[in-house]
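Notes to accompany the following structure.
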Amino acid sequence: MERWLAIEDQSAVARSRFFELIQIAAPVCHEAPVWTLGPFPYFVAPTLPPPEVLRQWREIVVKEFPAAQPGEYVFTHEPLGMPFGRAGARRGDRMVPAEALPATGLADDEVRAGLRSDEAASAPPAALGGKPTYKQLVQLASVEYEAGPQRRFVLRRNGEEVPITASAVRTCPVGFSAIESTYSYVHLLPNSVFATLPLLASVSEPELTMVLANEVSHVVLGHAHLFDASILINPLSPIGNLLGMAKNRETDRFPLPEKELIDADKLTLWLLKPYRLGPVEYLAFLQRMDGLSDPTMKASYVRTRPLTPKRAAALQASVKLYGDGRKLYHPKGMTLEKLHEVTSAGIALHLPGSARHALSPPPRSSYATVAQLDLVPVRTEGRDRFAHYLTLPAPKAFLVYANGDWRFWSGSNAMTLGLDSCQAARRSCWLYAVDNEVVWQADVAQRIGSKEALGTLPTAKQ
C-alpha cells in the first residue's frame with residue numbers, strides 16, 4: 001500500500017506538468033491538437049478484471065478508498081492542473097457522469113487492460129479485433145468536444161454530492177506514463193512518453209519541467225522512431241561494439257541522433273519560456289546529468305539523451321543569443337507566429353509560483369529546519385518521502401500521524417484536505433511542514449491537528 005502511494009506521489013506532479021506542456025505545445029503539434037478532459041480517474045469495475053496486475057490495482061484502490069462503489073470513477077491522486085482539478089475535484093472524490101459521456105470516455109484500467117496505444121496507434125480498429133486504440137478514441141472525441149467542450153459530473157465527497165462542470169482543453173495527442181525501473185531515464189514511443197520512477201524522484205521541480213519539455217519536443221517533432229536502423233549493424237563488429245556502449249540496454253534502444261537532439265533543444269527552450277527557465281538553466285541541468293554518467297551502467301538518462309560536443313556547442317550559442325537580447329533560435333519548419341502562440345499559451349496557464357494557499361499558513365516553528373530530516377517524527381522511509389516532498393512545487397503540506405505514518409498534499413487546499421482526511425479516518429495527525437517551512441511544535445497542545453486550529457495561531461505571510 002505504501003509503495004503504491006509513493007508511486008502516486010512521484011508521478012502525479014509529473015503527469016500534471018506534462019499535461020501543462022502538451023497544452024503549451026498545441027500550436028506547433030505535428031498532429032492536429034485534440035480536445036480532452038485529461039486522463040480519467042480510476043474506474044471501479046463491477047467485477048475484478050482478469051489480469052493479475054489489474055486485480056491488485058483494484059484491490060489497492062478499494063482498500064485505500066473504502067467508500068468507492070462499482071461504477072464510480074475515483075481520484076486516486078490530486079488532479080493538479082487537470083480540467084477536473086480546475087473544476088474542483090480532489091483526491092479521494094468519487095465521480096459519476098451527470099449526463100451522457102461520449103463513447104470515448106475511457107477509464108485508466110480499460111486502457112491498461114488492452115487498448116494498445118503505442119506501436120498499434122496507427123492501425124485501423126479492425127486490426128485490433130474491433131477495438132480502436134486509445135489515441136484513435138481521443139482523436140474521435142476531439143470532434144465532439146470542439147462542438148461543446150464541457151461535461152457535467154457529480155462528485156461524491158464525505159456524504160455530499162458536489163456538481164461540477166469540467167471544460168475540455170486543446171492539447172497535443174501525447175500520453176505520459178511513469179514506469180518501474182532500477183534506473184533513471186526517459187523513453188519514447190510514437191505519441192507516448194515514459195519516465196522511470198527513479199528519475200522522477202531524483203530531479204527537482206524545475207529539472208522535471210526541463211525533462212518533460214524536451215520529451216514533448218521530441219514527440220512534436222516526430223522523433224519517436226519505432227525502427228532504429230543501427231540495429232542492422234553487427235554487434236560483434238568494432239562499430240557494433242562502439243555503438244553498444246551507448247545503448248540503453250534496459251530498453252535495447254540507441255540514443256536519438258545528434259541532429260534530433262539539437263533540433264528538440266530549440267523547441268524545448270520555447271516551451272520553457274513561460275516557466276522562466278532559459279538556456280543557462282537547461283544547459284546546467286544537462287551538464288549535471290552528464291556528470292552522473294557511468295559507462296558500466298546498464299541504463300541512464302545520458303544513454304537516451306547524451307550531451308554530445310555539438311549539442312553542448314549549440315546550447316552555448318543559445319545561451320549567448322538569449323543573453324544578448326532574450327532571443328531564441330527558431331526550430332526548423334516553425335514560424336515565429338506559431339512560436340509566439342506557444343509562449344502565449346504558457347503564460348495563459350496558472351503555472352507554478354502563481355498558486356497560493358486558500359488559508360494563510362501558520363508561522364514557521366523553531367523545532368527544526370527542513371534540512372534536518374532526522375528530526376521528522378516519522379519512520380525512516382517517511383523521511384525519504386519528506387525529502388521528495390521538498391522537491392515538489394508549492395502550495396503543499398506534509399502531515400505526520402501519531403503512529404509514525406505520513407501523507408502530503410498539494411494544491412491551494414493542501415492543509416485542509418490533509419486535516420480533513422485525518423478526521424474522516426478518525427486518526428490523529430498534525431501539520432509538520434507547509435511548503436518548505438516546518439510548522440511542527442514539540443508541545444502537543446500547540447500542534448495543528450484540525451482546520452479549526454489553523455485559525456487560532458498567528459499566520460505567516462505568503
Is [Y] close to [X] at the side-chain level, that is, under 4.5 Å between some pair of heavy atoms?
| X | Y | answer |
| --- | --- | --- |
| L286 | Y301 | yes |
| H218 | L256 | yes |
| L197 | S181 | no |
| C172 | V219 | no |
| D435 | P395 | yes |
| E250 | Y183 | yes |
| L37 | F153 | yes |
| K273 | L328 | yes |

Minimum heavy-atom separation for [X] and [Y], please, with both atom names.
| X | Y | answer |
| --- | --- | --- |
| A213 | L271 | O-CD1, 3.6 Å |
| D405 | V378 | O-CG1, 3.7 Å |
| F75 | P79 | CD2-CG, 4.0 Å |
| P83 | V169 | CG-CG2, 4.2 Å |
| P363 | V439 | O-CG1, 3.5 Å |
| C29 | P173 | SG-CD, 4.3 Å |

Throw together a table of side-chain donor-acceptor distances under 3.5 angstrom for residues 329-345, partners on residues two or more places apart or in other chains.
from : atom 1 : to   : atom 2 : distance (Å)
T335 : OG1    : K338 : N      : 3.1
T343 : OG1    : L339 : O      : 3.4
S344 : OG     : H340 : O      : 3.0

Discussion item. Could you walk me through whether L208 and L200 satisfy the side-chain contact (heavy atoms from CB on, under 4.5 Å) test, starting with their C-alpha distance in whole Å, then the side-chain angles of each, then the deciding distance to 0.1 Å, before giving a yes or no?
Written reply: CA-CA 7 Å; L208 173 66; L200 299 181; 3.7 Å; yes

Item to complete: Show your working on side-chain contact (heavy atoms from CB on, under 4.5 Å) between V434 and M415 and close with a plain yes or no.
Response: CA-CA 8 Å; V434 177; M415 294 185 292; 3.8 Å; yes

Worksheet entry | Result of checking L269, V319, L277 against Y282 for side-chain contact (heavy atoms from CB on, under 4.5 Å) | L269

Would the distance check show the side chain of [X] and the main-chain N or O of [Y] forming a donor-acceptor pair, the cut-off being under 3.5 Å?
| X | Y | result |
| --- | --- | --- |
| S202 | P198 | yes |
| N191 | V174 | no |
| R383 | Q372 | no |
| S192 | L189 | no |
| S293 | M289 | no |
| S217 | T268 | yes |
| S177 | I179 | no |
| R17 | T209 | no |

Interatomic spacing from [atom1] in [X] to [atom2] in [Y] - rounded to 0.5 Å:
| X | Y | atom1 | atom2 | answer |
| --- | --- | --- | --- | --- |
| S300 | D294 | OG | CG | 8.0 Å |
| Y401 | S421 | OH | OG | 4.5 Å |
| M82 | E20 | CE | CD | 9.0 Å |
| E260 | D265 | CD | CG | 12.0 Å |
| M210 | L21 | CE | CG | 12.0 Å |
| I164 | M95 | CD1 | CE | 6.5 Å |

Worksheet item: Between Y432 and F386, does the ring centre distance come in under 6.0 Å?
Response: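 Judged by ring-centre distance (under 6.0 Å), Y432 and F386 do meet the cut-off.
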
Practice prompt. Determine whether the aromatic ring centres of Y185 and F194 lie less than 6.0 Å apart.
Written response: no

Item to complete: Step by step, work out the side-chain hydrogen bond (donor to acceptor under 3.5 Å, both in side chains) result for E180 and T196.
Response: CA-CA 6 Å; E180 290 272 16; T196 65; over 6 Å; no

Worksheet item: Going by the ring pair (Phe, Tyr, Trp, His ring centres under 6.0 Å) test, which pairs reach into residues 11-32, not counting sequence neighbours?
Response: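 For residues 11-32, and leaving out neighbouring residues, the ring pair (Phe, Tyr, Trp, His ring centres under 6.0 Å) pairs sorted by first residue read F18-F176.
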
Short N-O contact, [X] and [Y], less than 4.0 angstrom:
| X | Y | answer |
| --- | --- | --- |
| R157 | E160 | no |
| E258 | R311 | no |
| K451 | D420 | yes |
| E215 | R305 | yes |

Worksheet entry | K396 NZ/CZ over Y389 ring centroid, <6.0 Å and within 45° of normal | yes

Item to complete: Establish, yes or no, whether the cationic atom of R91 lies under 6.0 Å from the six-membered ring centre of W409 and within 45° of the ring axis.
Response: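 Flagged: R91 positioned over aromatic ring of W409.
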
Practice prompt. Please say whether more than 12 non-hydrogen atoms of neighbouring residues, nucleotides or ligands are located less than 6.0 Å from CZ in R288.
Written response: yes

Fill in: E281, CD: over 12 other non-hydrogen atoms inside 6.0 angstrom
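Yes, the 6.0 Å shell around CD holds more than 12 heavy atoms from other groups.
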
Item to complete: Please test W440 against R447 for side-chain contact (heavy atoms from CB on, under 4.5 Å), starting from the C-alpha separation and ending with a verdict.
Response: CA-CA 6 Å; W440 171 269; R447 296 176 192 166; 3.2 Å; yes

Worksheet entry | Check against side-chain contact (heavy atoms from CB on, under 4.5 Å), V438 and V376 | CA-CA 9 Å; V438 174; V376 183; over 6 Å; no

